[in-house]
Structure formats: C-alpha cells, structure tokens
Amino acid sequence: PAGTGKTETTKDMGRTLGVYVVVTNCSDQHRFRDMAKIFKGLCMSGLWGCFDEFNRIELEVLSVVAMQVESICSAKRMALKTFMFPGEAAPIKLVPAVGYFITMNPGYAGR
C-alpha cells in the first residue's frame, strides 16, 4: 500500500550497509533510453537504485527495461568486470555491488 515506507526502508538498508541509494520517481514519461542511462550509471558506480512507483512506466518501455535488467543479472551471475549493455557499441564497466529495487502501488493514482 502507498505510504508504508517501502522507499525509506530501501534507503535505510543502503545507509546501514554504507551504500548510496539513488531514488528515481518513475512516471509514464520515462522512456527506455532514460532507464538505460540510469542503469548504466548504477552499473559503473556500484550504487543502488530504487525505482519508486515502477508500475507507472508504460508497458512498451517495461519490456525493454526487462532486457536491460536481464543483461545486468547475467553479467553479475558470470562475475564479469565489463559487459555489453543492450544498445551500446562498447562494453561498460560492472561494479558487482550494484543493486536495483522497485516499489509499486498498483491501482494507486498518485498524490
């Protein structure tokens, strides 16, 4: 449910572990290129990302985001130092500490 502290809990967990958490407030205006920039930045820095209100992203964008997340998961699973991010011509650096978290409030129209 909305207002239960999902984002704050993620930020507190990161703070407890000494990891900076970048919070992105998602909307229907997000495009896959926007998400790619965020994911690439997280991968190269090793920071955590919290994608708040993830359910607001349009379905067409979510399908591409799923491929982006899968590429990161596969690279982490194989313990790669660099990997090919979808749509990139050159490999990008992967800091294994990277993490991403989503919060959702399905059916909630917003504040």
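In what follows, every heavy atom counts, from backbone to side chain, and hydrogens, waters and symmetry copies are set aside. We count residues from 1, following the sequence as given.
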Report, one line per pair, each donor and acceptor closer than 3.5 Å where one atom sits in a side chain of residues 10-18; sequence neighbours left out.
| residue | atom | partner | partner atom | Å |
| --- | --- | --- | --- | --- |
| Thr10 | OG1 | Lys6 | O | 3.1 |
| Lys11 | NZ | Glu8 | OE2 | 3.2 |
| Asp12 | OD1 | Arg15 | NH1 | 2.7 |
| Thr16 | OG1 | Asp12 | O | 2.8 |

Side-chain heavy atoms under 4.5 angstrom apart, residues restricted to Ile, Leu, Val, Met, Phe, Trp, Tyr: same cluster for [X] and [Y]?
{"X": "Leu80", "Y": "Met44", "answer": "yes"}
{"X": "Tyr20", "Y": "Ile102", "answer": "yes"}
{"X": "Val19", "Y": "Val95", "answer": "no"}
{"X": "Ile38", "Y": "Met104", "answer": "yes"}
{"X": "Val69", "Y": "Leu94", "answer": "yes"}

How are the rings of Tyr100 and Phe39 set relative to one another: parallel (under 30°), tilted (30 to 60°) or perpendicular (over 60°)?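 Perpendicular, since the angle between the ring planes exceeds 60°.
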
Atom pair [atom1] ([X]) and [atom2] ([Y]), whose distance is rounded to the nearest 0.5 Å:
{"X": "Cys26", "Y": "Glu58", "atom1": "SG", "atom2": "CD", "result": "12.5 Å"}
{"X": "Glu88", "Y": "Phe83", "atom1": "CD", "atom2": "CZ", "result": "9.5 Å"}
{"X": "Phe32", "Y": "Leu62", "atom1": "CZ", "atom2": "CG", "result": "13.0 Å"}

Step by step, would you call Thr7 with Val23 a side chain to side chain contact (heavy atoms under 4.5 Å, CB included)? CA-CA 8 Å; Thr7 302; Val23 177; 4.0 Å; yes

Does the pair Leu42 and Val22 meet the rule for a side chain to side chain contact (heavy atoms under 4.5 Å, CB included), with working shown? CA-CA 8 Å; Leu42 294 173; Val22 179; 4.3 Å; yes

Any side-chain heavy-atom pair of Asp34 and Gln29 under 4.5 Å: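 No, their side chains stay 4.5 Å or more apart.
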
Quick one: are Ile72 and Cys43 in side-chain contact, heavy atoms under 4.5 Å?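 Yes; the side chains approach each other to less than 4.5 Å.
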
Is it the case that the side chain of [X] and the backbone of [Y] share a donor-acceptor pair, with hydrogens and angles ignored and the cut-off at 3.5 Å?
{"X": "Glu70", "Y": "Val65", "result": "no"}
{"X": "Lys76", "Y": "Ala97", "result": "no"}
{"X": "Ser71", "Y": "Gln68", "result": "yes"}
{"X": "Arg33", "Y": "His30", "result": "no"}

Return yes if a side-chain donor-acceptor contact under 3.5 Å exists between Asn105 and Glu53, otherwise no.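 There is such a pair between these side chains.
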
Can the ring centroids of Phe101 and Trp48 be said to lie less than 6.0 angstrom from one another?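 Yes, they do, as the ring centres are separated by less than 6.0 Å.
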
